[in-house]
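Single-structure report; data block below.
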Amino acid sequence: MLAAAVKVLATRRYPGPALDELDDVEVLALDALEAPREDVEGLIVANEPVPLELLPGLRIVANFGVGYDRIDVARCAERGVVVTNTPGVLDAATADLAFALILATRRQVVAGDRFVRSGRWSGSWSEGGLAEELSGSTLGIVGLGRIGSAVARRARGFDLRVLYTRRLRADSDLGEFRELDALLAESEIVSIHAPLRAETEGLIDARRLALLRDGSVLVNTARGEIVDERALVAELVSGRISAGLDVFAHEPEVPAELLELPNVVLTPHIGSATRQTREAMTRLVVDNVLAVERGEPPLTPVATLSPETL
Ligand code: DGY
């Protein structure tokens, strides 16, 4: 017997063909949801708060993304609503973007691009300003989960020395473990790959930012809230450090001071934004919904994932 199609609300048209495999899907932004919808059993969101009171028949929240910090998982669990996410499929794309930001910041790629476009390049190549070498430098990875490990593997190709922190200390052949403060003080490049949760909100505060070495680079492709953004802006305005930032504390707002700084490379939360990865994310979202539709356990429920696997 065929399982009855689950009525699904998707907060936008998620990329790729997989969404079309759902028989009954309606695209509707959450702020357009004004009255209770008893018919909806599945909700597809991109890390958005779930209005449980408006969706009394909900069975699954399928999150398009690995991070689900804006979804109240405990409340969903109380209501018997399963929450799933998309671990694994976006590791490579996010690690690639972290490396793009590391390279762009360390080698002043964006500043160079602006310089050429401004028409001010008039002297010999041998007279320009100098950046710092990437090869042979020390990379500190905050959070050696799935994405952090993918960054560490890429670091091998650049002859980097890798240090890492992990919430649950465990040895890894990808680098050397350090406590967070020691990692910040020892690294020339620090890349953040921790999930946002109560323990990591504001983890890199003003005191810890001050531990960074002069001239070091901070890269964040995880969540803006993990860093004290005001304190980071102050460090960047001073010119003491540089940063490659894909995420911000109040997206899509970006602190105005950052916009003119030459020592910052900014991207609009595009860690997973490749066609292949975003389509794979939709595929996993849909597979989770279809599993629930068939009465089977979802593939990637968040509750069974260790925080270290982000
Ligand atoms: C996620 O998956 O949590 C990202 O922030 C979107 O790529």
Side-chain angles (χ1 to χ4, degrees), residues 10-16 18-19 30 43-50 60-73 76 83-102 141-151 154 167 191-201 203-204 218-227 229 243-254 265-289 298-310:
T11 57
R12 53 188 60 73
R13 169 76 220 187
Y14 290 90
L19 203 67
L30 287 176
L43 178 68
I44 303 177
V45 291
N47 195 21
E48 295 156 89
V50 177
I60 177 170
V61 176
N63 184 45
F64 178 81
V66 70
Y68 49 91
D69 41 274
R70 296 203 178 129
I71 300 173
D72 190 338
V73 177
C76 287
V83 179
T84 63
N85 68 343
T86 61
V89 294
L90 45 68
D91 301 347
T94 308
D96 287 350
L97 198 264
F99 246 91
L101 289 174
I102 290 170
I141 297 179
V142 178
L144 194 75
R146 292 173 193 269
I147 298 170
S149 298
V151 171
R154 282 155 178 72
R167 196 166 72 139
S191 193
I192 300 175
H193 300 288
L196 176 63
R197 52 185 71 241
E199 317 84 87
T200 59
E201 186 164 357
L203 180 72
I204 312 290
L218 181 73
V219 167
N220 192 359
T221 54
R223 286 291 183 268
E225 297 94 319
I226 294 173
V227 182
E229 199 166 71
L245 303 175
D246 185 49
V247 289
F248 304 88
H250 307 285
E251 293 173 10
E253 276 170 45
V254 174
V265 177
L266 305 168
T267 50
H269 202 142
I270 54 169
S272 63
T274 66
R275 183 177 55 76
Q276 294 84 348
T277 289
R278 289 281 169 91
E279 290 188 2
M281 289 162 68
T282 305
R283 173 77 267 159
L284 188 47
V285 160
V286 168
D287 286 343
N288 275 306
V289 174
L299 281 72
T300 48
V302 300
T304 60
L305 283 174
S306 136
E308 295 308 311
T309 59
L310 177 78

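The analysis underlying the following values was restricted to heavy atoms, covering all of them including side chains, and did not include hydrogens, waters or symmetry mates. For ligands, and for the atoms within them, numbers begin at 1 and follow the listed sequence. Numbering starts at 1 and runs along the sequence shown.
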Exercise for review: Ignoring hydrogens and angles, state whether a donor on the side chain of Asp69 or Asn47 is under 3.5 Å from an acceptor on the partner side chain.
Suggested key: yes
Check your understanding: Counting each atom of ligand 1 from 1 as listed, which ones have a heavy atom of His269 under 4.0 Å away?
Key -> 4 (C), 5 (O), 6 (C)
**Study point:** Proximal candidate to atom 7 (O) of ligand 1 [heavy atom criterion; set Ala273, Ser272, Ala46, Ala222]
**Key:** Ser272
Practice item. Taking only heavy atoms of Arg223 into account, list the atoms of ligand 1 that are under 4.0 Å away from them. Key: 1 (C), 3 (O), 4 (C), 5 (O)
Practice item. Taking atom types as modelled, find out whether Thr267 and His269 have a side-chain donor-acceptor pair closer than 3.5 angstrom. Key: no
Review point. Hey, does Met281 come in under 3.5 Å of ligand 1, counting only N/O atoms on both sides?
Key: no
Check your understanding: Do Leu90 and ligand 1 have an N or O pair less than 3.5 Å apart?
Key -> no
Check your understanding: Can you name the residues that form a side chain to side chain donor-acceptor pair (under 3.5 Å) with Thr221, not counting sequence neighbours?
Key -> none
Revision key, fill the gap. Sequence neighbours excluded, the answer for ring-ring contact (aromatic ring centres under 6.0 Å, His included) partners of Tyr14 is Phe64
**Study point:** Gap between atom CD1 of Ile44 and atom CD1 of Ile60 - 0.5 Å precision
**Key:** 8.5 Å
Check your understanding: Which bit of Thr94 is near ligand 1, meaning a heavy atom under 4.0 Å away: side chain, backbone, both or neither?
Key -> neither
